[in-house]
Amino acid sequence: VHGGKKLIMEQLAKSFRIKNASIGRMMKDVQMYKKEVQDETAKLSKMREGGFDSYQLRQQEQVLRESEMMVPDSLRRLNEMLEDLIADVEGESDNLQLIENPEYIKSKAIIQEAQSFLETQNTQ
(Lines give C-alpha, C1' and ligand atoms only; values in the text may rest on other atoms or scores of the structure.)
Protein backbone atom coordinates (compact mmCIF):
# COMPACT_ATOMS: atom_id res chain seq x y z
CA VAL A 1 0.00 0.00 0.00
CA HIS A 2 2.89 2.39 0.74
CA GLY A 3 4.21 2.01 -2.81
CA GLY A 4 0.84 2.99 -4.20
CA LYS A 5 0.67 6.11 -2.05
CA LYS A 6 4.17 7.08 -3.13
CA LEU A 7 3.22 6.70 -6.77
CA ILE A 8 0.12 8.83 -6.27
CA MET A 9 2.23 11.52 -4.55
CA GLU A 10 4.69 11.46 -7.46
CA GLN A 11 1.84 11.79 -9.95
CA LEU A 12 0.33 14.69 -8.02
CA ALA A 13 3.71 16.43 -7.80
CA LYS A 14 4.21 15.92 -11.55
CA SER A 15 0.78 17.38 -12.25
CA PHE A 16 1.60 20.46 -10.17
CA ARG A 17 5.00 20.81 -11.89
CA ILE A 18 3.36 20.73 -15.33
CA LYS A 19 0.68 23.24 -14.35
CA ASN A 20 3.26 25.55 -12.75
CA ALA A 21 5.37 25.52 -15.92
CA SER A 22 2.32 26.06 -18.13
CA ILE A 23 1.23 29.11 -16.18
CA GLY A 24 4.75 30.53 -16.26
CA ARG A 25 4.90 29.99 -20.02
CA MET A 26 1.51 31.60 -20.56
CA MET A 27 2.54 34.71 -18.60
CA LYS A 28 5.58 35.00 -20.90
CA ASP A 29 3.33 34.51 -23.94
CA VAL A 30 1.06 37.37 -22.86
CA GLN A 31 4.08 39.66 -22.51
CA MET A 32 5.44 38.53 -25.88
CA TYR A 33 2.11 39.15 -27.65
CA LYS A 34 1.79 42.60 -26.08
CA LYS A 35 5.28 43.47 -27.30
CA GLU A 36 4.41 42.09 -30.73
CA VAL A 37 1.36 44.39 -30.87
CA GLN A 38 3.58 47.38 -30.02
CA ASP A 39 6.15 46.36 -32.64
CA GLU A 40 3.56 45.76 -35.36
CA THR A 41 1.80 49.05 -34.54
CA ALA A 42 5.10 50.91 -34.88
CA LYS A 43 5.84 49.09 -38.15
CA LEU A 44 2.42 50.02 -39.54
CA SER A 45 2.98 53.68 -38.62
CA LYS A 46 6.33 53.69 -40.38
CA MET A 47 4.78 52.04 -43.42
CA ARG A 48 2.06 54.72 -43.56
CA GLU A 49 4.68 57.46 -43.28
CA GLY A 50 6.83 55.72 -45.89
CA GLY A 51 4.10 55.78 -48.50
CA PHE A 52 3.61 52.03 -48.88
CA ASP A 53 0.77 51.01 -51.16
CA SER A 54 -2.67 50.12 -49.84
CA TYR A 55 -2.18 46.37 -50.36
CA GLN A 56 0.95 46.33 -48.18
CA LEU A 57 -0.78 48.46 -45.56
CA ARG A 58 -3.79 46.11 -45.47
CA GLN A 59 -1.45 43.14 -45.08
CA GLN A 60 0.29 44.83 -42.15
CA GLU A 61 -3.07 45.78 -40.61
CA GLN A 62 -4.06 42.11 -40.78
CA VAL A 63 -0.82 41.07 -39.05
CA LEU A 64 -1.56 43.65 -36.34
CA ARG A 65 -5.16 42.43 -35.89
CA GLU A 66 -3.98 38.85 -35.52
CA SER A 67 -1.44 39.90 -32.88
CA GLU A 68 -4.09 41.92 -31.05
CA MET A 69 -6.41 38.90 -30.92
CA MET A 70 -3.74 36.79 -29.24
CA VAL A 71 -3.55 39.00 -26.12
CA PRO A 72 -7.11 38.46 -24.83
CA ASP A 73 -7.00 34.80 -25.90
CA SER A 74 -3.79 34.23 -23.93
CA LEU A 75 -5.20 36.07 -20.91
CA ARG A 76 -8.35 33.91 -21.05
CA ARG A 77 -6.27 30.72 -21.20
CA LEU A 78 -4.07 31.95 -18.34
CA ASN A 79 -7.18 32.60 -16.25
CA GLU A 80 -8.47 29.09 -16.96
CA MET A 81 -5.12 27.52 -16.05
CA LEU A 82 -4.95 29.56 -12.87
CA GLU A 83 -8.48 28.57 -11.80
CA ASP A 84 -7.58 24.93 -12.42
CA LEU A 85 -4.41 25.19 -10.32
CA ILE A 86 -6.22 27.00 -7.51
CA ALA A 87 -8.84 24.23 -7.43
CA ASP A 88 -6.12 21.57 -7.29
CA VAL A 89 -4.20 23.34 -4.52
CA GLU A 90 -7.35 23.83 -2.47
CA GLY A 91 -8.44 20.26 -3.17
CA GLU A 92 -5.17 18.88 -1.79
CA SER A 93 -4.77 21.30 1.13
CA ASP A 94 -5.54 18.53 3.66
CA ASN A 95 -3.02 16.13 2.09
CA LEU A 96 -0.28 16.37 4.72
CA GLN A 97 2.30 14.56 2.60
CA LEU A 98 1.71 16.70 -0.46
CA ILE A 99 1.63 20.12 1.18
CA GLU A 100 5.32 19.73 2.04
CA ASN A 101 6.23 18.82 -1.54
CA PRO A 102 8.29 21.52 -3.31
CA GLU A 103 5.98 21.52 -6.35
CA TYR A 104 2.91 22.08 -4.18
CA ILE A 105 4.69 24.93 -2.38
CA LYS A 106 5.77 26.38 -5.73
CA SER A 107 2.15 26.16 -6.93
CA LYS A 108 1.06 28.46 -4.13
CA ALA A 109 3.75 30.97 -5.16
CA ILE A 110 2.81 30.67 -8.85
CA ILE A 111 -0.83 31.36 -7.96
CA GLN A 112 0.15 34.61 -6.23
CA GLU A 113 2.49 35.58 -9.06
CA ALA A 114 -0.14 34.91 -11.72
CA GLN A 115 -2.86 36.76 -9.78
CA SER A 116 -0.57 39.81 -9.48
CA PHE A 117 0.34 39.51 -13.16
CA LEU A 118 -3.33 39.44 -14.17
CA GLU A 119 -4.10 42.46 -12.00
CA THR A 120 -1.40 44.45 -13.80
CA GLN A 121 -2.74 43.29 -17.19
CA ASN A 122 -6.24 44.46 -16.33
CA THR A 123 -4.99 47.95 -15.48
CA GLN A 124 -3.09 48.43 -18.76
Side-chain angles (χ1 to χ4, degrees):
V1 176
H2 276 305
K5 282 187 177 181
K6 184 177 184 198
L7 182 62
I8 290 170
M9 286 300 128
E10 288 172 6
Q11 289 172 340
L12 286 170
K14 181 179 180 181
S15 174
F16 281 112
R17 183 172 55 253
I18 291 168
K19 290 177 183 188
N20 293 343
S22 296
I23 288 173
R25 177 74 237 159
M26 190 55 63
M27 287 189 289
K28 288 179 184 174
D29 284 354
V30 169
Q31 291 171 324
M32 180 195 67
Y33 288 129
K34 283 191 164 198
K35 181 171 180 350
E36 190 174 292
V37 167
Q38 290 175 336
D39 293 348
E40 297 300 337
T41 300
K43 184 176 179 181
L44 181 59
S45 293
K46 286 181 183 172
M47 288 175 74
R48 284 185 176 137
E49 293 167 7
F52 282 76
D53 67 42
S54 63
Y55 175 77
Q56 291 170 312
L57 291 174
R58 280 195 308 274
Q59 291 296 105
Q60 183 58 31
E61 288 167 351
Q62 179 62 30
V63 169
L64 177 58
R65 278 194 300 277
E66 289 172 6
S67 295
E68 287 171 336
M69 289 187 314
M70 292 307 297
V71 174
D73 181 60
S74 296
L75 287 169
R76 178 191 54 76
R77 289 187 295 152
L78 176 58
N79 267 306
E80 289 171 0
M81 290 176 181
L82 181 58
E83 288 172 12
D84 185 43
L85 183 60
I86 290 170
D88 287 354
V89 166
E90 289 174 353
E92 296 293 339
S93 63
D94 61 346
N95 184 333
L96 299 179
Q97 287 180 305
L98 185 63
I99 62 174
E100 295 175 3
N101 183 285
E103 288 302 329
Y104 180 87
I105 294 166
K106 185 176 180 182
S107 291
K108 293 177 107 176
I110 289 282
I111 288 169
Q112 291 199 334
E113 181 184 349
Q115 286 172 330
S116 295
F117 178 82
L118 286 168
E119 286 174 18
T120 63
Q121 299 308 304
N122 292 332
T123 59
Q124 292 180 353

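All heavy atoms count here, side chains included; hydrogens, waters and symmetry mates do not. Given the structure is predicted, the values throughout are model-derived calculations rather than measurements.
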**Report entry** Worked check of side chain to side chain contact (heavy atoms under 4.5 Å, CB included) between Ile99 and Glu92
**Finding:** CA-CA 8 Å; Ile99 62 174; Glu92 296 293 339; 5.9 Å; no
Separation of [Y] [atom2] from [X] [atom1] (nearest 0.5 Å):
{"X": "Asp88", "Y": "Lys19", "atom1": "CG", "atom2": "NZ", "value": "3.5 Å"}
{"X": "Leu44", "Y": "Lys46", "atom1": "CG", "atom2": "NZ", "value": "12.0 Å"}
{"X": "Arg65", "Y": "Glu68", "atom1": "CZ", "atom2": "CD", "value": "8.5 Å"}
{"X": "Met47", "Y": "Glu61", "atom1": "CE", "atom2": "CD", "value": "9.0 Å"}
{"X": "Arg48", "Y": "Gln56", "atom1": "CZ", "atom2": "CD", "value": "13.5 Å"}
{"X": "Met27", "Y": "Ser22", "atom1": "CE", "atom2": "OG", "value": "11.0 Å"}

Which atom pair, heavy atoms only, marks the closest approach of [X] to [Y]?
{"X": "Leu98", "Y": "Ala13", "answer": "CD1-N, 4.4 Å"}
{"X": "Val37", "Y": "Thr41", "answer": "O-OG1, 2.7 Å"}
{"X": "Leu82", "Y": "Ile111", "answer": "CD1-CA, 3.8 Å"}

Determine, using the 4.5 Å side-chain heavy-atom cutoff (strictly less than), whether [X] and [Y] are members of one ILVMFWY cluster.
{"X": "Ile18", "Y": "Ile86", "value": "no"}
{"X": "Ile105", "Y": "Phe16", "value": "no"}
{"X": "Leu75", "Y": "Met32", "value": "yes"}

**Report entry** Candidate pair Asp73 and Tyr33, rule side chain to side chain contact (heavy atoms under 4.5 Å, CB included), full reasoning
**Finding:** CA-CA 10 Å; Asp73 181 60; Tyr33 288 129; over 6 Å; no
Requested in this report: Assess whether side chain to side chain contact (heavy atoms under 4.5 Å, CB included) is satisfied between Leu12 and Asn95, documenting all intermediate values.
Outcome: CA-CA 11 Å; Leu12 286 170; Asn95 184 333; 4.0 Å; yes
Requested in this report: Starting from the C-alpha separation in whole Å, work towards a yes-or-no answer on side-chain hydrogen bond (donor to acceptor under 3.5 Å, both in side chains) for Glu66 and Gln62.
Outcome: CA-CA 6 Å; Glu66 289 172 6; Gln62 179 62 30; 2.9 Å; yes
Please check if the side chain of [X] supplies one atom and the backbone of [Y] the other of a donor-acceptor pair under 3.5 Å.
{"X": "Asp84", "Y": "Glu80", "result": "no"}
{"X": "Tyr104", "Y": "Val89", "result": "yes"}
{"X": "Asn20", "Y": "Glu103", "result": "yes"}

**Report entry** Glu36 and Ser67 side chains, donor-acceptor separation under 3.5 Å
**Finding:** yes
Query raised in the report: Only one of Gln115, Glu113, Gln121 clears side chain to side chain contact (heavy atoms under 4.5 Å, CB included) with Phe117; which?
Result: Gln121
Query raised in the report: Would Asp29 and Arg25 count as a side chain to side chain contact (heavy atoms under 4.5 Å, CB included) if you check the C-alpha gap in whole Å, the side-chain angles of each, and the deciding distance to 0.1 Å?
Result: CA-CA 6 Å; Asp29 284 354; Arg25 177 74 237 159; 2.7 Å; yes
Query raised in the report: Does any non-hydrogen side-chain atom of Met81 lie less than 4.5 Å from one of Leu85?
Result: no
